[in-house]
Number of protein chains: 4
Amino acid sequence: MPKKVDREAKKEKILRAAMKIFARQGIAETKMETVAEKAGIAKGTVYEYFKSKDELLQMAFNYLIVHMNSLVRQRMAEFQEPEEKLKAGFLAYVDIESLNLNDVAQILPDLWSYGIRQKENDGDMAFDMNLIYVQYRELLGGALRKGMENGIFGQIDARAASSALMAAGDGFYLQWMADRKNFNLKKSAETFIELFMRGIKTR
Amino acid sequence: MPKKVDREAKKEKILRAAMKIFARQGIAETKMETVAEKAGIAKGTVYEYFKSKDELLQMAFNYLIVHMNSLVRQRMAEFQEPEEKLKAGFLAYVDIESLNLNDVAQILPDLWSYGIRQKENDGDMAFDMNLIYVQYRELLGGALRKGMENGIFGQIDARAASSALMAAGDGFYLQWMADRKNFNLKKSAETFIELFMRGIKTR
Amino acid sequence: MPKKVDREAKKEKILRAAMKIFARQGIAETKMETVAEKAGIAKGTVYEYFKSKDELLQMAFNYLIVHMNSLVRQRMAEFQEPEEKLKAGFLAYVDIESLNLNDVAQILPDLWSYGIRQKENDGDMAFDMNLIYVQYRELLGGALRKGMENGIFGQIDARAASSALMAAGDGFYLQWMADRKNFNLKKSAETFIELFMRGIKTR
Amino acid sequence: MPKKVDREAKKEKILRAAMKIFARQGIAETKMETVAEKAGIAKGTVYEYFKSKDELLQMAFNYLIVHMNSLVRQRMAEFQEPEEKLKAGFLAYVDIESLNLNDVAQILPDLWSYGIRQKENDGDMAFDMNLIYVQYRELLGGALRKGMENGIFGQIDARAASSALMAAGDGFYLQWMADRKNFNLKKSAETFIELFMRGIKTR
DNA sequence: GATGAATGAGCATTCATTCAT
DNA sequence: GATGAATGAATGCTCATTCAT
């Protein structure tokens, strides 16, 4: 019998290693060999788990999507009030720390580039950035609409408002990455969501 | 002097060509030869004007910075009232169309990646993303502070507020690039700035 | 002893599988893993029976030699008359069908290449193409000489004549492989041997 | 202005180098770098002239076809009598020496393999072995039919006879390659064609 | 014996850059 | 200045072989 290996665990280990290198060096500059080293295995072994560099990339993309999405849902579920729900959702969107993906955050702009291009060239749905936005708009929009029904929020365009929240979230990420030491991601987000809600609340 | 002008013109032509290819194919996938073709010259000639692919990149980065900055300044200068100034500044930030850089927008995420990484690795200031943010914070912050002095805006953290505006701007770009056909960049920005200003204005 | 038999049977099974794949995909393009799959075993197991891909190749070579040789001998033994013997030998040489090696025939040119090169480089006798020719020349030459003694065949160079027969046989193979559908191997061979014998028979 | 280079000449130089290496080492074992070295250039330069190893192969194939074909035509044109024409054609078919391709001959079995496989897999016409046979059948068949009309040759199947001649030619090659030192290709061919013509000539 | 996970040497190909003309 | 031929370092990926279980 061959060595018994938890293939799923190993696969995730490689993926994690890859994400770190992607983040640190950029996708194009990432060598498969470096990924292997980081994962503590030989070059060839990576290919036992992932067909190609591209597949590794796709998986990284998915990994982030899934985990971020799940965090947002979970945090929103903790609250009943639309106001709190919305706030929790937005803050979770930006709470990369809780995902233990601190050193992986920088992969985002690369994935954005990749996602945008992929779509334009291949129409490859596996990488559709927009899908993410659609999902989040749904999530945040739900809270917004509830708030409007309850009369807590004024009549606003829920789609536009959720888009704005996501936009701010992404933008804050960017500024944080541009200057991690001095830019306080969490605080900026909190300040913003307060301001934002003041803007949409009745009263 | 005509010599000099010609040289500058040709250099810009190459730069423009490069930006288009960078945008369309991504930086890593862009071949110097393709740039040359697009610029209507021979491969070797690119090197008469730019030392390396990296310099071409730096120049592209600068080109965008300078032009966007100048547009924002100019638009803000057209108004006196802090409220209008702020609005004009934000909308200009997002008005890529006026820069005739429509087909170049997609270069942004790539430049973001590059800028972030450059800083972390080389500490290369030529690519400091943060510089841009500092500049814009200055610009928008000026209008905000003026408004607070005038009692138009409530007492808020000007730095945080400008950051939020830039964040939203960048984020809107992203959503627009992810789905150009259905996402209305201009309208989203306008809706947002109204909402935002409602949040900071004194009654 | 059943152990021994099983082992031999399995070995042949693998060899047969290998030959099929060699024939279908070419030697260089044949992966050990594919061979294993075809044989219904795991990759590593192939190595329990064959030291290396090269050994597999050698064995395939031998397998063909031995089986073809044996067929030719057997068919020739069925006749007494030199004329019939010669004809039977030539037709057997070309009767790949009877060897149940129809789908393996295409391996021949590969083995020829291999054999020729092997000799020039390593002087490896295990692969000596020429050995085959020497054997067949012996076999066919025997019938020819007998025929000359009997006065059935004119005085000819037996070596040259057997060479010619083998040459034609190999060549017909080639044409058949190049166009299996339209080239009738058997008929071509029969027509040829008649013609050939007319050339060497005394009136 | 760039270095002036006779691209066609250089291309042929590379092709010749490649053919030599293909012949000596076998196609699969041939490294592009070795080809480059043999041609006295750098690895990358090969790719300036040939898109890929496969293209190099195709070109080698064509090169042989064209040159062999032209030699045969030329030699046959030197004679009027069908008998001489046929003999000249056959001997030219086998006269690799006159093509200055002595050290390239061994490439043939590899090309045969390749050609046969190519056809079965891709249906790639660029490599159709059969095309060659069709051409030669035409050429030799012409002389045969003329001879039959003239009553020099008996009524035989021209197609079958030309096939047989080509078969013998290819087969002699093979034996010669298997044992260059002892096998006299030219003499074998001459002996054979005499014998063959004796078989088809009317008394 | 059998397995299949792991390995790493090996190779085709790309492309930024150089430089002779 | 402009050109494009030449270069060779760099890299993704393959696959024969090994070996722990």
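Protein chains get the first letters and strands the later ones, always in sequence-line order, with residue 1 at the start of each. Any value given below was found using the heavy atoms of this structure, including those in side chains, with hydrogens, waters and symmetry copies removed.
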Point to revise | Short side-chain N/O contact from R7(C) to OP1 or OP2 of dG1(E), under 4.0 Å | key: yes
Review point. Are side-chain heavy atoms of M32(A) and L56(A) found at a separation under 4.5 Å?
Key: yes
Check your understanding: NA contact type, Y49(B), heavy-atom cut-off 4.0 Å: base, sugar-phosphate, or nothing?
Key -> sugar-phosphate
Check your understanding: How would you list, by chain and number, every residue that makes a ring-ring contact (aromatic ring centres under 6.0 Å, His included) with F50(B), sequence neighbours excluded?
Key -> none
Revision key, fill the gap. K11(A) NZ to dA5(E) P, in whole Å, measures 13 Å
Review point. Rounded to whole angstrom units, what separation is found between the CZ atom of F22(D) and the C1' atom of dA12(E)?
Key: 12 Å
Revision key, fill the gap. Between CD1 of I21(B) and C1' of dA16(E) the distance, given in whole Å, is 16 Å
Check your understanding: Does E55(D) have any salt bridge (Lys or Arg N to Asp or Glu O under 4.0 Å) partners at least two apart in sequence or in another chain, and if so, which?
Key -> K51(D)
**Study point:** Integer-rounded Å distance: dG4(F) C1' and D6(D) CG
**Key:** 16 Å
Name every donor-acceptor pair, under 3.5 Å, that has one atom in a side chain of residues 34-47 of chain A and the other anywhere in the protein, sequence neighbours excluded.
unit_1 : atom_1 : unit_2 : atom_2 : d
T45(A) : OG1    : A42(A) : O      : 3.4

Point to revise | Those residues that, when tested against K31(C), pass side chain to side chain donor-acceptor pair (under 3.5 Å) (two or more places apart) | key: none
Practice item. Classify every nucleotide of nucleotides 14-19 of chain F by which part a protein heavy atom approaches to under 4.0 Å, writing B for the base, S for the sugar-phosphate alone and - for neither, in 5'-to-3' order. Key: BSSBB-
Check your understanding: In chain order, what residues pass the side chain to side chain donor-acceptor pair (under 3.5 Å) check against S113(C), with sequence neighbours excluded?
Key -> D110(D)
Practice item. State whether a side-chain donor-acceptor pair under 3.5 Å links Q58(D) with D54(D). Key: yes
Check your understanding: If you write DNA chain E from 5' to 3' in dot-bracket form, with Watson-Crick or G-U pairs under 3.5 Å, [ ] for crossing pairs and | for pairs with another strand, what do you get?
Key -> .||||||||||||||||||||
**Study point:** Results of ring-ring contact (aromatic ring centres under 6.0 Å, His included) for Y63(A) - residues two or more places apart only
**Key:** H67(A)
